[in-house]
2 protein chains.
Amino acid sequence: MPTYKFDRFDRRILEALQTNGRLPNIDLAGDIGLSPSPCSRRVRLLEESGVIKGYSAVLDQEHVGLGLTVFVGIKVERHREKEAEAFREAVSVLPEVVMAHLVSGESDFLLQVVVPDLRAYEDFLTGTLLKLPGVRDIRSNFAIQTVKPQSPLPLAHLPG
Amino acid sequence: MPTYKFDRFDRRILEALQTNGRLPNIDLAGDIGLSPSPCSRRVRLLEESGVIKGYSAVLDQEHVGLGLTVFVGIKVERHREKEAEAFREAVSVLPEVVMAHLVSGESDFLLQVVVPDLRAYEDFLTGTLLKLPGVRDIRSNFAIQTVKPQSPLPLAHLPG
DNA sequence: GCTGAAATTATATGTCC
DNA sequence: GGACATATAATTTCAGC
């Protein structure tokens, strides 16, 4: 379903649930100015249509012992499609890789990697990343400070 | 609270709630092999201690009309601390910026920017980013394909 | 600490207007 | 979309291990 006819209620639901995914329906309904029944219906429709892909607990990285975030740029050899797909598959199953994109520019791939510390990153880099097939170059950019943590998507372009 | 004495139950709770932040307590309890009472207590402690920072609905970017993700590297002038703080503050309040870090390497800051399309990015780049104080250089890397979407933090280093 | 059961309260859902 | 009734689920308490 590529399109979805949003109105201002849907937009406010999405904004509220991005900020608090466990907001009780009764509170959500009150916040957006709707009674619980239609609010619940809308949320279900948004879930079933795939607009809401799921819900997630947001953890404090430091608290769970994950002190190091690294943004990794990877250049690869020119691949045939079959090899390229194998590379993407290999990257996407690595737990330490919490996000990965094919990008334009200097690197071919940009990965966000999360590990406990520098020692763990060293192991991951030499033991895993550098052994991926077709890797030509890896550039590691270490996060020194979080300026803005992962935040809600901007929905200002939707009706409302 | 910089440390937290996790055991295997806490780890499994965190893993489960990262995957499904709305998993009913009764189901969560069953999954991790605990009865509902202690399971509920543990979740509450994890929330109160800040290990669980919150919950969020995960949206489908395309479905909500946000077709373009750009990873933006920014180099800045040497700042005094007061100016540096002003820059970080300015970046962190921009809705289009869904994540931002101070990083080592080529750029000083790395931003993840989400907008509807190239036209919107053009406006954002020229109208907002390039006008931030002290910007020396901006490099835009466009996401061509999502290899792995934002995914749960790896907790394999915790007990369990 | 956990289990299990029961009671209470809160929340979600379905039906009908 | 709203109101109301019904069904689910969460939370608390307490006994016993």
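Values below: all heavy atoms of this structure, side chains included; hydrogens, waters and symmetry mates excluded. Naming convention: chains lettered A, B, ... in sequence-line order (proteins, then strands); numbering from 1 in each chain. A quick note: this is a predicted structure, and the numbers were derived from the prediction, not measured.
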*Return no unless some side-chain N or O of A:Arg41 is found under 4.0 Å from OP1 or OP2 of C:dA12.*
no

Applying a 4.0 Å non-hydrogen cut-off, can you work out what A:Phe9 is touching in the nucleic acid: base, sugar-phosphate, or nothing? sugar-phosphate

Please check the phosphate of D:dA10 (OP1 and OP2 only) for any side-chain N or O of B:Arg44 closer than 4.0 Å.
no

Side-chain atoms of B:Asn25 come closest, of C:dT3, C:dT11, D:dT11, to D:dT11

Between CG of A:Leu34 and P of C:dA12 the distance, given in whole Å, is 14 Å

B:Leu45 atom CG is separated from D:dT12 atom P, nearest whole Å, by 11 Å

Rounded to whole Å, CD1 of B:Ile26 lies from P of C:dA12 at a distance of 16 Å

Of C:dT11, C:dT3, D:dG1, the nucleotide closest to the side chain of B:Ser35 is C:dT3

- Query: Does A:Phe71 have its ring centroid less than 6.0 Å away from the ring centroid of B:His101?
  - Reply: yes

From CG of A:Leu28 across to C1' of D:dG1 the rounded distance in Å is 15 Å

- request: Determine, for B:Arg8 against B:Glu15, whether the closest basic-nitrogen to carboxylate-oxygen distance falls under 4.0 angstrom.
  value: no

Look at all strands and tell whether A:Ser37 reaches a base, only sugar-phosphate, or nothing, counting heavy atoms closer than 4.0 Å. base

For this session: Could you tell me how the ring of A:Phe142 sits relative to the ring of A:Tyr121: parallel (under 30°), tilted (30 to 60°) or perpendicular (over 60°)?
Result: perpendicular

So what does A:Arg22 touch, heavy atoms closer than 4.0 Å: a base, only the sugar-phosphate, or nothing? nothing

Rounded to whole Å, CZ of B:Arg42 lies from P of C:dG1 at a distance of 9 Å

> Do A:Tyr55 and B:Gln18 have side-chain atoms, one donor and one acceptor, less than 3.5 Å apart?
Replying inline: no

For A:Arg88, is there an ion pair with A:Glu85 - N to carboxylate O distance below 4.0 angstrom?
yes

Query - A:Ser40 side-chain N/O to C:dT13 phosphate OP1/OP2 under 4.0 Å - result: yes

With the side chain defined as heavy atoms from C-beta on, B:Pro38 is closest, among D:dA9, C:dT13, C:dT3, to C:dT3

Rounded to whole Å, the CD-P distance (B:Glu48 to D:dT11) equals 11 Å

Rounded to whole Å, CD1 of B:Ile13 lies from C1' of D:dA10 at a distance of 15 Å

Separation of D:dT8 atom C1' from B:Leu23 atom CG, nearest Å, is 15 Å

